[in-house]
There are 2 protein chains.
Amino acid sequence: MTSTRVLRADATRNVNALLAAATEVFRELGADAPLDEIPRRAGVGRATLYRHFPTREHLYAAILQAQVNTLVEAAVAREDAADPWEALLQWISAYEEIGAEYRGMSARLSSALLEDGSPVAELCAPMKAAFDVLFRRAQEAAQVRDDISSVDVLAIVSALPRDLNTGRARPAHLAVVLDGLRQ
Amino acid sequence: MTSTRVLRADATRNVNALLAAATEVFRELGADAPLDEIPRRAGVGRATLYRHFPTREHLYAAILQAQVNTLVEAAVAREDAADPWEALLQWISAYEEIGAEYRGMSARLSSALLEDGSPVAELCAPMKAAFDVLFRRAQEAAQVRDDISSVDVLAIVSALPRDLNTGRARPAHLAVVLDGLRQ
DNA sequence: ACCTGAACACCGTTCAAGT
DNA sequence: ACCTGAACACCGTTCAAGT
C-alpha cells in the first residue's frame, strides 16, 4: 500500500528524479550499488533520499512496482484458462524475468517473498495472491504436486542462479524446476 | 591449492586464532558479518587479518575446507555404487548442508561455483570433479536428464532458499529439484 | 513542509614504524 | 619475517539550520 500523500511540487519533482536515478544506478551497478550515487545523480541532497525512501528496500519496491502490476494482471487474465498447467507455465516464464535488469535483485526478491513486513513483501502481496489462484487450480487439476506452496515456487524461481549478462535464469534450470513441479 | 608455506610460530598461532574467530563470527552474524570483528576477537591487529586472508573469500574458502574434503571422499566412495541415481541422491543430500551454519553462505557458494578464479571456486574444484563422476554415471544410466551439467546442479541446490533457523533447504524444495533432474 | 550540507559512525584497506 | 596502531577512504544515517 503506497500511501499517496499529497506532496509539495518540489517534493514530487525530487521523488521522480530520485526514482529515475535509482533505476539507472541499480541497472548499471546492480542492486548492491552504493545509495550515495542516487541523490548525487538526482541532483538533490543526501537526506532527501532518506526522507522519501527510508531504506534500500523502499527503493526496490518502488522500482519493481510496474512489473508487479503487470504480473498481477497477467495472472488474473489466465484464471480461467482451459489448461491450468499451461497457464502456470506461461505465467512463471514471465515472472522469471522480474528484476532481471538489476543484478542481484532477484535473489533479494526471493528472500523478501519468504519474509513479512518488508516493503518488497508488501508490494508483492497482491502478486502472491493472484498467482496462488493459478497455482491452486493446477493443483486441483492434479497437474502440480501438492507438497509445496505457491510462494515457495516463486521463491525458488527467483533464487535460481542468474546469467551475469542477461540477468535471466538459464532455461535448463527453469526446466528442472518446472518438471519437478509437475505431477 | 592452499600453499602451505612455512610460517613463523607466532604467525601460525595468529592464523589459527583468526580462523577460529572467523568461524565464530560468521556463525553468529552470518557470512556478511563485518570483518573487523574477527581480528578483534582473535586478539590481533587488523592488518594481520589482511596479510593472511586478503579477501573475505579467502576466509570462506579456509572455513569450508573441511566440509569440502568430506564431500570429495563421499563422492569417491560412491563412484561404483550399484544404483547411480541412489548414489546421486545421497550425495546431494549431504552436499545441501554445506555452509548451512553460516547464514548467507550457501548463496555465495552458489555464485562462486559458476565463476572462476575465486578462492572458493578453487577450493571447490576437486569437489566439482568428484561429483561430476557420479553425475555422468547417472546420466549414462539414463537416470538423469542430459540438458544440464553437474555444476549447474550444485549451483541450483546451493541457491535454494534457506530456512532462517536451520540454514537448510526445505525438503520439499529439494524434492522439486531432484524430481526435475530425474529422467 | 521540505530542503540542504555538514557531521558522525562504521568498516574495509593500506602504510609507516616497530620487533 | 611478521606484527601493530594509526590514517585514510567509503558510505549509510542523522541533525541543525535554512527557505
Side-chain angles (χ1 to χ4, degrees), chain A residues 2-63 102-105 108 118-120, chain B residues 2-63 102-105 108 118-120:
Chain A
T2 318
S3 66
T4 334
R5 275 176 303 134
V6 178
L7 289 181
R8 229 167 59 178
D10 55 344
T12 312
R13 205 172 341 105
N14 285 343
V15 168
N16 290 337
L18 283 167
L19 278 179
T23 304
E24 205 181 271
V25 167
F26 290 140
R27 210 189 299 273
E28 281 174 29
L29 307 175
D32 294 326
L35 292 187
D36 248 28
E37 189 64 12
I38 295 171
R40 214 183 58 72
R41 292 204 197 182
V44 305
R46 253 187 228 255
T48 303
L49 170 68
Y50 289 96
R51 161 178 303 277
H52 294 295
F53 303 97
T55 72
R56 187 181 279 272
E57 279 260 314
H58 284 88
L59 282 167
Y60 294 160
I63 281 175
Y102 315 103
R103 187 162 23 87
M105 185 67 86
R108 282 175 180 269
S118 79
V120 172
Chain B
T2 317
S3 65
T4 334
R5 275 175 303 135
V6 178
L7 290 180
R8 229 167 58 178
D10 54 346
T12 313
R13 206 173 339 106
N14 285 343
V15 169
N16 291 337
L18 283 166
L19 278 179
T23 305
E24 205 181 272
V25 167
F26 290 139
R27 210 188 300 271
E28 282 174 28
L29 308 175
D32 294 326
L35 293 187
D36 248 29
E37 188 65 11
I38 295 171
R40 216 183 57 73
R41 292 204 198 182
V44 306
R46 254 186 226 256
T48 302
L49 171 67
Y50 290 96
R51 160 177 305 276
H52 294 295
F53 305 96
T55 71
R56 188 181 279 273
E57 279 260 314
H58 285 87
L59 282 167
Y60 293 160
I63 281 175
Y102 314 104
R103 188 163 22 87
M105 184 68 86
R108 282 176 179 269
S118 79
V120 171

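In the text below, chain A, chain B and the rest are named by the order of the sequence lines, each starting its count at 1.
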Please set out all donor-acceptor pairs under 3.5 angstrom arising from side-chain atoms of residues 21-34 of chain B, sequence neighbours excluded.
from, atom 1, to, atom 2, distance (Å)
B:T23, OG1, B:L19, O, 2.8
B:E24, OE2, B:R41, NH1, 2.7
B:E28, OE1, B:R41, NH1, 3.3
B:E28, OE1, B:R41, NH2, 2.9
B:E28, OE2, B:R41, NH1, 3.1
B:D32, OD1, B:R108, NE, 3.4
B:D32, OD1, B:R108, NH2, 2.7

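- Taking CG of B:L35 as the start and CZ of B:R40 as the end, the distance is 13.5 Å to the nearest 0.5 Å.
- For A:T48, taking side-chain heavy atoms from C-beta onward, the closest of the listed nucleotides D:dC11, D:dT4, C:dT4 is C:dT4.
- Between the CG atom of B:L18 and the P atom of C:dG12 there is a distance of 14 Å, given to the nearest Å.
- The two residues B:P39 and B:G45 have their closest heavy-atom pair at CB-O, 3.7 Å.
- Here B:H52 reaches the OP1 or OP2 of D:dC3: one of its side-chain N or O atoms lies under 4.0 Å away.
- Taking atom CG of A:N14 as the reference point, atom P of C:dG5 lies 12 Å away to the nearest angstrom.
- Between the CG atom of B:L29 and the P atom of C:dC11 there is a distance of 10 Å, given to the nearest Å.
- Between the CZ atom of B:R51 and the CG atom of B:L18 there is a distance of 12.0 Å, given to the nearest 0.5 Å.
- To the nearest angstrom, C1' of C:dT4 lies 17 Å from CZ of A:R40.
- Stem regions for DNA chain D, each three or more consecutive Watson-Crick or G-U pairs with both distances under 3.5 Å and listed by first number, read C:4-8 with D:12-16, C:12-16 with D:4-8.
- Within the 4.5 Å cutoff, the side chain of A:F53 has heavy atoms near those of the A:V15 side chain.
- Atom pair A:E37:CD and D:dG12:P shows a separation of 10 Å (rounding to whole Å applied).
- Distance, B:N16 CG to D:dC2 C1': 16 Å, rounded to whole Å.
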Could you write nucleotides 13-19 of chain D as a row of B, S and -, 5' to 3', where a protein heavy atom under 4.0 Å of any base atom gives B, of only sugar-phosphate atoms gives S, and otherwise -? BBB----
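- By the 4.5 Å heavy-atom criterion applied to side chains, A:V44 and A:L49 are not counted as neighbours.
- The CG atom of A:L49 sits 15 Å away from the C1' atom of C:dG5 (whole-angstrom rounding).
- Side-chain contact check for B:T55 versus B:H58: some heavy-atom pair is nearer than 4.5 Å.
- Nucleotide D:dG12 holds its C1' atom 17 Å from the CZ atom of A:R51, rounded to whole Å.
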